[in-house]
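Naming: A, B, ... by sequence-line order, numbering from 1 per chain. Atoms considered below: every heavy atom in the structure, side chains included; atoms not considered: hydrogens, waters and symmetry mates.
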Amino acid sequence: MPSNADIAAVFEQMAALLEMKGEVVFKIRAYQRAARTIEHLPFSIEERVASGQPLKGIPGIGEAIEKKTIEFIQTGAVRALEELRGELPDGVLTLMNVPGIGPKTAMRVARELGVTTIEGLEKAILEGRMAALPRMGEKTAENILRHTRALSLRTKDKRTPIGVALPVAEEVIAALRDRCPGLRKLIPAGSLRRWRETVGDIDLMGAADEPQQAIDAFVVLPQVMEVIGHGPKKASAVVKPGIQVDLRIVEDESYGALIQYFTGSQQHNIRLRDRANRMGLSLNEYGITDIATGRVEEFADEEAFYARLGLQLMPPEVREGVWELELAEKRALPRLVELGDIRGDLHVHSDWSDGREPLETMVAAAAARGYQYVAITDHSAGRGIANGLAEERLRQQIDVLRDLSARHSIAVLTGSEVDIRADGTLDYSDEMLAALDVVVASVHSAMGQERERMTQRIIQAMRHPSVTVIGHLTCRLLEERDPIEVDVEAIFQAALETGAILEINASPERLDLKDIHVQRARELGVPLVISTDAHHSDQLAHMRFGVAVARRGWCEARHILNTLPRERFLALIKAPKPERVRLIKQGVA
DNA sequence: GCCGTTTTCGGCCCGACTGTTTTCAGTCG
């Protein structure tokens, strides 16, 4: 059962090997483009093929790539790829993992030095054989050596979770603004601005009268550990704790074109350029050039830039190069859900279990965010390690919360994050669960169960009359723990049937559901909430990450139930489940 | 290999930086 990522990897490798062979660049790009498109599709290619739907129509996928995709799904291999592998030296793909080594260098190193491993490469550099190659030199060899050494700790495609990268970006921005009064604008661009769950590096874009001053100030910031490149308009550096930051500064007039260009995605830009070409225009980061006259138009903001191309401004979160251009042309983009639409948080811990602050603090912080409701959901009894609450303590907590609710304008909902046990039963009695306003049921144990059993386990919990929400469905921890094996499509169907709501867990370590799941859930009409799983009042601010995931799934406020005002939200979660199913089908939000 | 409100053939995104070169190739995004 190949995932979209597996299929994308096949075409990435095709592209890399064709590039080494010296194939025409356009063929290479076609494979790269297909790979990246497939990686970001909101549906499973494997399922689409199984249901007999064509792949043609997906941008960048034509006859040849469709055939190879089907071949891969059916046989687990692609003959053309195997043949290419046979023609080229073993290990060249490994060498290409080293930053600074592209296809040309990888081939020369393999052919002329007989080196096909990272260890062999390091040896060749230390012995001076690398620098002796034509158009190679001491500095190039030295740089590559530095990268191979870093590689033993981190690979080229090791990505940083957005929850780590965004605060780093914000810190650098603040520091640079502080030292550079002439800096008029400065924002994160790239995958960070598109709110991808992980980023490869941090792109910062700005506008200033004297770009060079800002660039020079950047490379000497205390956060900078190592300067990689430093020119008049652009610099790259590694900042603490080891993330690469690329900074570009232009003058005000071309700021719109700059941020458009560097927000990407690459696929989005390639499609945009394609469109511009057909209009007789050429795009770059400084503006739009009329090819016939050579006249350059500059744009101070993105809206005007897109308008010149006949397009509605697209939120960065949807710029993945799949279907947004068609909708922007028809001015049919949805108004995506915003942080300000959120009326409550439904997954919050306190120091009664493994949270770090008292109930009072958490409730006051939720009220201070302007929420109309908040649910306290400490762990259930079975979570010994998280100081889960025995039923008696939970009953005490309910009393305390009733009292708190009376003293605050915010509605304080009683709740629990109850374990779904390995056999699909829940960790409290039915009477206990029925006494709660909000029951978030989550898997925390026996995560290695096989797919069918895990799926049935979760569906059994969804059918329980008192279960309101399923928490962090796939249990993944970004770059730390793989998701559990679960049939997400079956879970979505069960959600529609049972009225169980699915959580978008906004904790930046989780982001679970993830963007493409949310996109699919939205298409099916599956009810969703966004919750922070906060263990500290500061973490209520993680809501922004969850909202971003929903936006990447093209959700409007009506798709997210905790955008509902208090009375309607309470009516919904207190309705018996069959009634809730009916309300949700009507489009309650 | 993909694609078409100029085209089913002939195009295909564009520039910065580095290191090695005296005009440019390779890599990256």
Side-chain angles (χ1 to χ4, degrees), chain A residues 11 14-16 18-20 22-37 55-69 80 95-96 98-109 130-144 147 156 189-192 199-203 205 211 215 227-237 244-250 254 257-258 260-289 291-292 296 309-310 321 329:
Chain A
F11 294 124
M14 286 284 297
L18 288 171
E19 201 167 0
M20 288 176 192
E23 185 57 83
V24 286
V25 68
F26 302 108
K27 197 166 174 175
I28 297 161
R29 276 202 210 131
Y31 278 114
Q32 282 172 339
R33 183 181 164 194
R36 276 164 216 164
T37 300
L55 300 180
K56 248 181 117 72
I58 300 171
I61 299 190
E63 208 175 322
I65 291 183
E66 171 159 19
K67 268 177 76 178
K68 289 187 175 72
T69 304
L95 293 175
M96 267 190 63
V98 181
I101 294 192
K104 294 282 190 320
T105 312
M107 275 301 273
R108 279 171 56 195
V109 168
M130 185 82 172
L133 289 174
R135 284 204 68 87
M136 199 49 82
E138 282 302 329
K139 273 194 154 170
T140 310
E142 222 171 84
N143 277 335
I144 290 172
H147 286 304
K156 184 155 75 174
S191 42
L192 201 51
V199 303
D201 60 15
I202 295 171
D203 297 303
M205 303 293 139
I215 299 290
V227 177
I228 298 167
H230 181 189
K233 298 169 175 174
K234 173 191 163 176
S236 299
Q244 183 169 331
V245 176
D246 294 340
L247 174 71
R248 285 182 194 249
I249 308 285
V250 293
S254 46
L258 178 81
Q260 190 290 314
Y261 183 83
F262 284 103
T263 296
S265 65
Q266 208 173 29
Q267 293 308 297
H268 174 86
N269 283 355
I270 287 171
R271 297 200 64 209
L272 202 63
R273 259 139 233 284
D274 203 36
R275 176 186 178 84
N277 269 354
R278 292 199 302 275
M279 296 170 74
L281 303 171
S282 163
L283 310 182
N284 65 22
E285 59 262 53
Y286 302 109
I288 300 180
T289 308
I291 295 170
V296 179
L309 300 171
E329 183 172 34

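Proximity note for Asp203(A) (side chain, C-beta onward) versus dC14(B), dG29(B), dT27(B): the nearest is dG29(B). Checked against dT27(B), dC12(B), dG1(B), the side chain of Asn277(A) finds its nearest nucleotide in dC12(B). Here the side chain of Thr105(A) is nearest to one of dG15(B), dC13(B), dT27(B), namely dT27(B). Proximity note for Lys104(A) (side chain, C-beta onward) versus dT27(B), dC14(B), dG29(B): the nearest is dT27(B). For Arg29(A), the listed nucleotide lying nearest its side chain is dC13(B); candidates were dA16(B), dC13(B), dG29(B).
The nucleotide dG19(B) finds its pairing partner in dC24(B), both defining distances of the Watson-Crick or G-U wobble pair being shorter than 3.5 Å.
Comparing the C1' positions of dC13(B) and dC28(B) gives a spacing of 14 Å, expressed to the nearest Å. The separation of dT7(B) from dG11(B), taken at their C1' atoms, amounts to 9 Å, rounded to a whole angstrom. For the C1' atoms, the distance from dG19(B) to dC12(B) is 30 Å, rounded to whole Å. Taking atom P on both nucleotides, dG15(B) is separated from dT20(B) by 26 Å, rounded to a whole Å. dA16(B) and dG10(B): their C1' atoms are spaced 30 Å apart (whole Å). Spacing between dT21(B) and dC14(B) at atom P, rounded to whole Å, works out to 30 Å. Rounded to whole Å, the separation between the C1' atoms of dT8(B) and dC3(B) comes to 9 Å.
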What's touching nucleotides 17-24 of chain B from the protein side, N or O pairs under 3.5 Å?
unit_1  : atom_1 : unit_2    : atom_2 : d
dC17(B) : OP1    : Lys234(A) : N      : 3.2
dT18(B) : OP1    : His230(A) : N      : 2.9
dG19(B) : OP1    : Asn143(A) : ND2    : 3.1
dG19(B) : O3'    : Thr140(A) : OG1    : 2.8
dG19(B) : N2     : Arg135(A) : NH2    : 2.7
dT20(B) : OP1    : Gly137(A) : N      : 2.9
dT20(B) : OP1    : Gly137(A) : O      : 3.3
dT20(B) : OP1    : Glu138(A) : N      : 3.3
dT20(B) : OP1    : Thr140(A) : OG1    : 3.3
dC24(B) : O2     : Arg135(A) : NH2    : 3.3

Just the table, please: protein N/O against nucleotides 2-5 of chain B N/O, every pair under 3.5 Å.
unit_1 : atom_1 : unit_2   : atom_2 : d
dC2(B) : OP1    : Gly62(A) : N      : 2.7
dC2(B) : OP1    : Gly62(A) : O      : 3.4
dC2(B) : OP1    : Ile65(A) : N      : 3.2
dC2(B) : OP2    : Ala64(A) : N      : 3.4
dC3(B) : OP1    : Gly60(A) : N      : 2.8

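Taking atom CG of Leu18(A) as the reference point, atom P of dG1(B) lies 8 Å away to the nearest angstrom. Asn269(A) has its CG atom 17 Å from the P atom of dC12(B), to the nearest Å. Per the geometry, CZ belonging to Arg248(A) stands 12 Å off P belonging to dG15(B), to the nearest Å. Between the CZ atom of Arg273(A) and the C1' atom of dG29(B) there is a distance of 11 Å, given to the nearest Å. Atom CD of Glu285(A) and atom C1' of dG29(B) are 10 Å apart (whole Å). Between Asn284(A) atom CG and dG29(B) atom C1' the separation is 15 Å, expressed in whole Å. If you measure from atom CE of Met107(A) to atom P of dT27(B), you get 12 Å, rounded to the nearest angstrom. Following rounding to the nearest Å, Leu55(A) (CG) and dG1(B) (P) show an atom-to-atom distance of 16 Å.
Scanning all heavy atoms of the two residues, the minimum distance from Ala257(A) to Gly287(A) falls at CB-N, 3.5 Å. Between Ile144(A) and Met130(A), the shortest heavy-atom contact is CD1-CE, 3.7 Å. A pairwise comparison of heavy atoms in Asp246(A) and Ser236(A) identifies OD1-OG, 2.8 Å as the closest pair. Here the closest heavy-atom approach between residue Glu66(A) and residue Leu55(A) is recorded as OE2-N, 3.1 Å.
With its glycosidic angle within 90° of 0, dT7(B) adopts the syn conformation.
Residue Phe262(A) is classed as having no contact, given no heavy-atom separation below 4.0 Å to the nucleic acid.
Residues satisfying the side chain to side chain donor-acceptor pair (under 3.5 Å) criterion with Lys68(A), sequence neighbours excluded, are Tyr31(A).
Between Leu281(A) and Val24(A), the residue whose closest nucleotide on DNA chain B is further toward the 5' end is Val24(A).
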